[in-house]
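For reference, the structure discussed in these notes is given below.
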Amino acid sequence: MAESLSEYLSRIPEHVREEIASSGIDISQIVAYIYSDMAPDGTFADCWIFFDSQLLYVMTGFDSVEKRNGPKKLKCVYRRKSLERFELSTIKKFETERFIGTARLMAHLEDEKEAPVQIAMFSLGIAGKSERFVKHFADMKEGKPFDAKANEEEELFCPKCGTRYPNPARKVCPKCMNKMSIFSRLLGFFKFYKDKLVLFFAVILLSTLFSVVSPYLGTKLLYDNVLTPGVDANLYGEVGLVMLVIIAARLVSLGFNMWQGYISGGLISYVVYDLKMKIFTAMQKHSMGFYTNKQTGQLMERVNRDTGNIYWFFVDGVPFFIINVLTFIGVLIIMLVMNPILAIIVTVMIPFLLFMFRFIHKSFRKFHHNRWVHQAVLTSHISDSMGGQRVIKAFAKEREESTRFAKYSMNARNADLKLSNAQSTVFPLLGFITIITNLVVLALGGCMIVSGYAGMTFGKLMTFTAYMNMLYSPMDFLSGFSNWWARCVDSAQRIFEIIDADPDVTEAENPVKMDEMQGNIVMENVNFEYEPGRPIIKNLSLSVEAGHMVGIVGKTGAGKSTIVNLMARLYDVVDGKITIDGIDVKNIATKDMRKNIGIVSQEIYLFIGTIADNIRYARPEASMDEVIAAAKAAAAHDFIMKLPDGYETRVGAGGQDLSGGEKQRISIARTIIQNPKILILDEATASMDTETERRIQDSLSELKAGRTTIAIAHRLSTLRDADVLAVINRGEMVEYGTHDELIRKKGEYYNLYKLQFDAVKHIGTAE
Amino acid sequence: MSELQTLAEMTMLDPSKCTFTPTDGGYISLKYEDTTYERIKICRALPYKAPDEYICLLTRDDKEIGILRRLNQLSEENQKHVLNELSKMYYCPTVTKIISVKDRMGYQYYEVITNAGKREFALRDASRNIRYVSPEKRGAVQIRDIDGNRYLIEDFDTFDSQSRKKIEAFLV
Ligand SMILES: Nc1ncnc2c1ncn2[C@@H]1O[C@H](COP(=O)(O)OP(=O)(O)OP(=O)(O)O)[C@@H](O)[C@H]1O
Ligand SMILES: [Mg+2]
């Protein structure tokens, strides 16, 4: 969303613009501004820092809402406390300094001897914006025009109501979000199953109907017609028959219940399956950034929990909701018909009872939550220590682990205990209240029977109380339903968010097809950051000629892996350009990128399956001959053959444990099968002995001439075949050249080399 | 002395040789033995358990100069400067009252009053981001919002009781 300067300026709130204008500053001349939420002393305030071509202004103050007479009663005004001006010509550059809990904007002066000056202080959320402010100033200094792209800032606030987005990356405003629309979208998933849905409702209706009439049959008929002499000559004494009728009615109701469960279970399973498929497909199209941003494990857990929430809401929640509402209404109607006076008394008590139920639900939620938290802590502790058994045993910490377990377990037990204690107090109390209600009705009804008022009979009264008891469970259910509903909508919202999220690395609209790449890679002035304000790659230019091998060396954390991730377009550059054979990687078809670029990454992931499956992952149609050939080239064949199950050894989670180097070799074989034009080896042989490494390198170079190779290694001997070497330090390229050139240069590479070489020599003499 | 101890000794600074001087622009410099380091950074290794012990001193470009084992080994003047710098680095408003907490879509919106003024913020995953600072689960409570800003409740036991009710369920 590139925008013009005027648009950018129009985002300053109106009341602030008014204030700025009233100080005699021409707003249209402002080049860049930034809002800061703290005054220089760290108290919260609303400050604005901006500059035109001459001066930098720092305006401190705060927003306040004033009451006015007139149509618009409330008005936002800016209360200015101070306005400082600085000559721009004295400022060399700005810089954002981050502390643990805050950040500040510093101005470095042209006069190097002067210390930098603090311009503003703000909370961490603003640091990203501050970075852009810094860039605007630098651009202006260099005489560059207003860079609209630099303002592609993330909107932090909902444009409609001004609420802060909980997560700017997702831009969902909780206030403006329409819960009904999410729910109806969820219902959209049911549209493929319309006939099932109709059947489902029919069955629910029938089963409710039966359960509502059965007390009438069971109680009224039994007491008044069967047990009372003289009322109905045909039925009197036919206890057995009526019993049979009751049993039959119950059975039918039971049958309907089962049927309904069967239908809804089936229906929802299909819908949830559809939903999960949608999510999974959507997730595949996201870039790496999406996964690191949200942490894969958490993501999976969330998807599972959210679909679970939806599943149970529809399987349990919705049918019971319908049943309960129907029952509630049905019962009330029957009661009104049977005895309006008593029915009205009961109706009057309903709000009170509803309130009671609601209150109980609320207070239990706390206990439940507490219990849930302790349970979660316990579970994660268990899985932690199961996974870490090796370490625990290595340090002989079994006893301590048990003690720790006992502690968490005890917490969980106490939470359980608290919940059950609360239950044992509250439920009897609740029972007492319902008994009182029943007693009131019984007393009044009793009086009616005695006085013969409104044709009240014993049977009628018994039926009436039976119906009254049927009201409690719907009330209980309905008073807790809103939480359930909210939870389901939350879950649905999060799921739709995944489905809807625009992948941040997207394929161009008319991607360039490149079936076979040459392998000329050029990086021009590339800048990259994972998080705003923490640049990882800085202005890096690097070119790799087709068929050549480039070695990348540098300290750990220097950004080497990041560079190759950018080449493979697992992330998009923030600034600058990467081309392959002269074409911007952003325009190359993703399919061709994946086909032509093979990465053996530092973190190796083996999928659950056999070794053979893992090797032919990139090309499932590869023959077994090819698999073996690839394994041989990766020096993996020998160790695979030593495994009892050979190529059919199951690896991945829960499978055969392989050594670090063995996993690496499988991963290399996987890439060899893919036979890419560009091969990226990120510490691919780091866990192997030098001899094995040598073997792999030999076979790699034999396999195909004309392949472009980018190899990252800490062990310099790994890179001795490299045509050129690039030394990276803190995201910048500090040296570039052949091994000999760099050695002659006596720079960083030379030092590294000497260090490693000396170490080797040292061992040599010691022997 | 064990070898490890000797190793540790090497990174420890001699407090008597340290001289801290605040400089313009809110920075601080360190003179250690014969070297002067301008605009140094000061960090705590144990920010909660022992805020005044194991203080790490770094140069402007994040190279470690060394570690001060205990702050109180410094002269009073020096201590004051270091504490000053630390309080800036670890600045964290103290919450005195929670006005409201609203649950929306798995996020919580807070409106609070802090010693630095009124503030609204949002957080997610409350049971992870609201927590006792010490493992003994007493005393101070820390809240972290989505941006990574921190807020402190100095003592949960004496905290405003209405406010306490609003968040105690998240404290484990
Ligand atoms: N997904 C990520 N999100 C945020 N920061 C990241 C991410 N991945 C890496 N970083 C940071 O980027 C920097 C460079 O990381 P990178 O993996 O490129 O280093 P490297 O040179 O490959 O190091 P090594 O030699 O240890 O593999 C590091 O400071 C790291 O903390
Ligand atoms: Mg790496």
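Residue numbers start from 1 in every chain, and the chains themselves are labelled A, B, ... in the order their sequence lines are given, proteins ahead of strands. Hydrogens, waters and symmetry mates are skipped; everything else that's a heavy atom, side chains included, is used.
Counted within 6.0 Å of NZ on B/K31, heavy atoms from surrounding residues, nucleotides or ligands total more than 12; the atom is thus considered enclosed. Atom CD of B/E154 is surrounded by 12 or fewer heavy atoms from other residues, nucleotides or ligands within 6.0 Å.
Annotation: the span from A/F99 atom CZ to B/C92 atom SG amounts to 14.5 Å, rounded to 0.5 Å.
The two residues A/L124 and B/N149 have their closest heavy-atom pair at N-OD1, 2.8 Å. Shown here for B/Y91 and A/T102, the closest heavy-atom pair between the two residues is CD2-CG2, 3.5 Å. Annotation for B/A116 and A/G42: closest pair CB-O, 3.5 Å, computed over non-hydrogen atoms.
With sequence neighbours excluded, the residues that form a side-chain hydrogen bond (donor to acceptor under 3.5 Å, both in side chains) with B/Q142 are B/Y48.
Your options are A/A115, A/A45, A/S123, and the one with the most heavy-atom pairs under 4.5 Å with chain B is A/S123. Each of A/R104, A/M106, A/R730, A/E97 has some count of heavy-atom pairs under 4.5 Å with chain B, and the biggest count is that of A/R104.
Annotation: residues 34-44 of chain B contacts chain A through B/R39 [non-hydrogen atoms, separation under 4.5 Å].
If you run side chain to side chain contact (heavy atoms under 4.5 Å, CB included) between A/F44 and each of B/R119, B/E120, B/K118, only B/R119 comes through.
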